[in-house]
Participant: 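Quick one: structure below, then a few questions.
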Amino acid sequence: MLSFTVLWYVICILAWVLYFLYSSFLPTLPWTTCNNSWNTVNCTVISDLVSGRSTDSYAVHTNSSSINGTIYTHAEVYNMTASMLFDPSPLSPSNITSVVTMSSSSAYEFWEYNVIGRSRGLEEMGSLQLHLVIGLFLAWLFCVAAVIKGVKSLGKVVYVTATAPYVFLTIIFIKALTLDGAIDGIKTFVEPDFSKLLTTQVWLEAALQVFYSLGPTWGGVITMSSYNKFHQKSFWSSTICVVFAGFTSFYNGMVVFALLGFMAKSSGMTVAKIAQQSGPGLAFVVFPTAISMMPVPHLWSVLFFLMLITVVFDSIFGMIETVTSGIIDQFPRQLLKRRVLVNIVTGFFFFLTGLPLSMNGGIYLFQLADWYFSSFALLIGSLFECVSICWIYGTDRFARDIYFMTGRNVSVALRVLWTIIIPLFITIAFFALLTQYSAPEYGDGYKYSKGALVCGIMVGMLPIAAMVAIGIFSVINQDGSLLQRFVASLKPNDTWGPYEEGTREKYLMKPYVYPSTWWQKFKENITGTKDHFSL
């Protein structure tokens with residue numbers, strides 16, 4: 001359910017990237033000019049902002065300006081207009097707002113008024129935008145084609161999508177290193193600020209980053225691993241995946257901050273100021289701006305958005321396979337031989353239900369969904385996973401199963417992490433998220449109505465509601481009193497075990513005996529028992 005809800009809106013990112021890639025092949029990069037149909041009278045081309053020029057007569061012809069009775073120097077006006085590259089509404093006082101609205105960057109206007117065609121709010125959804133509808137359709141067409149035969153076709157596609165980002169990143173990084181200011185950006189990235197470790201926000205962001213980079217709780221890791229052979233040796237492959245995920249995040253940061261350092265040097269701003277931008281604004285305003293200032297901008301634009309496409313593809317494939325495999329597993333007799341049809345119908349369903357995201361008010365839906373769908377449910381779901389595996393099924397029994405499958409003992413360090421440290425850390429992160437909670441906003445301070453916030457919370461909690469519903473259904477299907485039903489529902493049923501008949505018989509020869517007390521269970525979870533299978 002988590003992959004289902006997130007997949008509905010996250011595919012929009014791929015539609016946006018496809019449109020930017022298409023625009024990269026036009027004779028002139030459309031986000032670098034102000035003579036387009038979507039531009040306003042306040043539009044200022046990137047080159048003018050960077051060089052200190054402005055289309056506003058105050059900034060061009062005078063050394064100082066008087067706005068609402070306040071005197072501003074040329075440098076102050078330039079700094080405020082230049083800040084439009086990264087934050088369209090950085091200041092709130094009315095006199096400063098008057099200056100800021102004098103000019104906005106062409107990159108910002110291309111994103112706001114052409115790509116997403118933003119309306120004034122969720123209440124004004126507007127109409128379907130043809131370029132986004134086409135982008136959404138192509139995004140689903142490519143994704144369904146990649147997974148149409150399940151893991152067999154997906155495995156071949158991932159060979160390309162998993163390696164291509166490194167190639168594109170390396171090319172862009174080499175080029176970024178030749179740009180003025182790149183080293184300053186890298187220094188900002190690698191120099192630690194240990195005082196930040198005392199803030200809960202940093203730890204919360206780190207926890208959420210782990211969820212996005214490693215993929216726990218989404219279901220994709222479990223889905224993909226289910227295709228392995230039963231006795232697959234998974235320790236080193238798992239370790240390599242974790243190490244490469246960390247390395248990739250670090251490498252991405254190096255490339256990003258090298259470009260941000262170049263932009264800071266060009267615009268006269270600090271790297272920290274530019275780095276404050278996040279979300280869609282970073283990928284679709286800041287980076288196109290940086291690309292437009294590089295030699296041969298069309299080439300770097302194509303490379304950059306091709307890289308984004310492969311990255312987004314990799315993120316989406318696992319979710320699609322999780323959703324479709326979950327559907328097929330519920331009705332194996334009817335659907336197992338109709339996997340292609342299930343993938344096509346699923347993709348078409350998501351395309352139709354995702355059409356509102358391609359409307360003028362679609363970005364507000366996207367922001368609302370992103371705020372609620374992938375935060376609370378992730379932390380709650382991961383906590384439930386830890387509790388169910390370590391404290392209900394039992395860490396010791398889980399370790400016993402791993403030994404039966406791989407012949408490898410689980411270390412005490414991993415047992416402590418699974419049983420105590422990770423659940424504790426997730427609990428702290430969850431309460432930190434609650435304390436840091438604030439209602440979502442978008443852009444220039446647009447605030448959602450109470451009804452929209454309630455809907456966002458309700459839909460965002462669907463994965464948790466699904467777990468509760470299945471739990472209630474499981475209890476109802478047991479026999480005995482309510483307590484007996486509850487206890488019985490917490491134990492594996494008679495069909496639990498290896499699928500292959502010979503392996504299953506060997507597994508059932510030594511049934512697991514649960515400890516009689518909680519203290520004994522805790523002790524065995526940490527230290528383990530010597531009751532292992534002989535392989």
Side-chain angles (χ1 to χ4, degrees), residues 1-21 111 115-116 129 132-147 154 157-158 161-162 165 205 208-221 223-224 245 249 252 278-284 305 307-326 343 346-359 361-379 381-382 440 442 455-456 459-463:
M1 284 301 297
L2 184 60
S3 289
F4 183 90
T5 53
V6 172
L7 190 57
W8 172 74
Y9 76 89
V10 79
I11 194 75
C12 268
I13 299 176
L14 187 54
W16 299 335
V17 177
L18 285 172
Y19 185 63
F20 267 91
L21 180 63
W111 162 248
V115 179
I116 60 174
Q129 302 180 85
L132 288 185
V133 173
I134 295 174
L136 191 63
F137 178 79
L138 290 177
W140 277 113
L141 180 65
F142 295 153
C143 288
V144 170
V147 302
L154 180 58
V157 174
V158 168
T161 59
E205 294 290 346
L208 294 177
Q209 170 65 20
V210 169
F211 282 105
Y212 279 102
S213 61
L214 294 181
T217 312
W218 298 93
V221 175
T223 300
M224 295 304 174
S249 297
N252 283 341
S278 61
L282 184 62
F284 300 117
F305 289 110
M307 180 195 69
L308 280 188
I309 287 175
T310 57
V311 170
V312 177
F313 263 139
D314 270 348
S315 302
I316 292 174
F317 287 158
M319 295 185 197
I320 297 175
E321 185 63 22
T322 299
V323 172
T324 54
S325 294
N343 279 290
T346 303
F348 191 66
F349 168 81
F350 274 110
F351 168 70
L352 289 180
T353 56
L355 284 176
L357 292 162
S358 64
M359 301 176 71
I363 189 64
Y364 299 103
L365 282 176
F366 179 91
Q367 179 79 350
L368 188 66
D370 193 48
W371 195 266
Y372 290 112
F373 287 10
S374 58
S375 55
F376 293 103
L378 266 177
L379 291 172
S382 61
Y442 183 83
C455 289
V459 177
M461 294 303 290
L462 272 179

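Excluded from the calculations below are hydrogen atoms, water molecules and symmetry mates; all remaining heavy atoms, backbone and side chain alike, are included. Keep in mind that this is a model prediction, so the values were computed, not measured.
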Participant: First locate atom CG of Leu2, then atom CE of Met319, and finally report the distance between them rounded to the nearest 0.5 Å.
Facilitator: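 Separation between the atoms: 7.5 Å.
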Participant: For a 4.5 angstrom cut-off between non-hydrogen side-chain atoms, does Thr223 reach Ser3?
Facilitator: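 No - every pair of side-chain heavy atoms lies 4.5 Å or more apart.
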Participant: Is any side-chain heavy atom of Leu368 closer than 4.5 Å to one of Pro440?
Facilitator: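 Yes, side chains in contact.
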Participant: Please report the closest heavy-atom contact between Ser249 and Gln209, naming both atoms and the distance.
Facilitator: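 In terms of heavy atoms, the two residues are closest at OG-NE2, 3.3 Å.
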Participant: Taking C-beta and beyond as the side chain, do Val147 and Thr324 meet within less than 4.5 Å on heavy atoms?
Facilitator: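 No, every pair of side-chain atoms sits at 4.5 Å or beyond.
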Participant: With sequence neighbours left out, write down each residue that passes ring-ring contact (aromatic ring centres under 6.0 Å, His included) with Phe373, or none if nothing qualifies.
Facilitator: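 Phe373 satisfies ring-ring contact (aromatic ring centres under 6.0 Å, His included) with Tyr9 once adjacent residues are dropped.
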Participant: Measure up the Phe4 and Phe350 rings against each other and bin them: parallel (under 30°), tilted (30 to 60°), perpendicular (over 60°).
Facilitator: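 The arrangement is tilted - the two ring planes meet at 30° to 60°.
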Participant: Verify the neighbour count for atom CZ of Phe137: are there more than 12 heavy atoms of other residues, nucleotides or ligands below 6.0 Å?
Facilitator: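 No, the 6.0 Å shell around CZ holds no more than 12 heavy atoms from other groups.
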Participant: Evaluate side-chain contact (heavy atoms from CB on, under 4.5 Å) for Tyr19 paired with Phe305, printing each intermediate quantity in order.
Facilitator: CA-CA 9 Å; Tyr19 185 63; Phe305 289 110; over 6 Å; no
Participant: Minimum heavy-atom separation for Met461 to Phe376, with atom names?
Facilitator: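 Closest heavy-atom pair between Met461 and Phe376: SD-CB, 4.2 Å.
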Participant: For a quick test of reading the model, state the closest non-hydrogen atom pair linking Gly347 to Val144 and the distance between them.
Facilitator: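 Nearest heavy atoms, Gly347 then Val144: CA-CG2, 3.8 Å.
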Participant: Going through the checks in order, is the side-chain contact (heavy atoms from CB on, under 4.5 Å) test met by Phe313 and Val17?
Facilitator: CA-CA 11 Å; Phe313 263 139; Val17 177; over 6 Å; no
Participant: What is the distance from atom CG of Leu138 to atom SG of Cys143, rounded to the nearest 0.5 Å?
Facilitator: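 Atom-to-atom, Leu138:CG and Cys143:SG are 10.5 Å apart.
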Participant: Report yes if the side chains of Ser315 and Val10 come closer than 4.5 Å at any heavy-atom pair, otherwise no.
Facilitator: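 Sidechains of Val10 and Ser315: no contact.
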Participant: Check the pair Leu14 / Trp140 against side-chain contact (heavy atoms from CB on, under 4.5 Å), numbers first and verdict last.
Facilitator: CA-CA 9 Å; Leu14 187 54; Trp140 277 113; over 6 Å; no
Participant: Under the criterion side-chain contact (heavy atoms from CB on, under 4.5 Å), I'd like the reasoning laid out for Phe142 against Leu18: C-alpha separation, chi angles, the key distance, then a yes or no.
Facilitator: CA-CA 11 Å; Phe142 295 153; Leu18 285 172; 4.3 Å; yes
Participant: Does a side-chain heavy-atom distance below 4.5 Å link Trp218 with Thr322?
Facilitator: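 Trp218 does not reach Thr322 side chain to side chain.
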Participant: Taking atom CH2 of Trp8 and atom CG of Leu365, what is their separation to the nearest 0.5 Å?
Facilitator: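 Reported to 0.5 Å precision, the distance equals 5.0 Å.
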Participant: Nearest 0.5 angstrom please: Leu357 CG to Ile116 CD1, how far?
Facilitator: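 Rounded to the nearest 0.5 Å, the CG-CD1 separation comes out at 12.0 Å.
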Participant: Are the side chains of Val459 and Tyr372 in touch, meaning some heavy atoms are under 4.5 Å apart?
Facilitator: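 The answer is no, as the side chains (C-beta and beyond) never meet within the 4.5 Å cut-off.
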Participant: How far apart are the closest heavy atoms of Ala245 and Ser213, and which atoms are they?
Facilitator: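 Minimum heavy-atom contact is CB-O, 4.1 Å.
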Participant: May I ask you to test the Ile11-Ile316 pair for a side-chain heavy-atom distance under 4.5 Å?
Facilitator: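 Side chain of Ile11 against side chain of Ile316, heavy atoms only: contact under 4.5 Å found.
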Participant: For Gln129 versus Val115, what's the shortest heavy-atom pair and its separation?
Facilitator: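 Reported closest heavy-atom pair: OE1-O, 4.3 Å.
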Participant: Is there side-chain contact between Ile309 and Leu21, with at least one heavy-atom pair below 4.5 Å?
Facilitator: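 Contact flag for Ile309/Leu21 side chains = yes.
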Participant: Within this structure, what is the CD1-CZ distance for the pair Ile13 and Phe366, rounded to the nearest 0.5 Å?
Facilitator: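 If I round to the nearest 0.5 Å, the distance is 4.0 Å.
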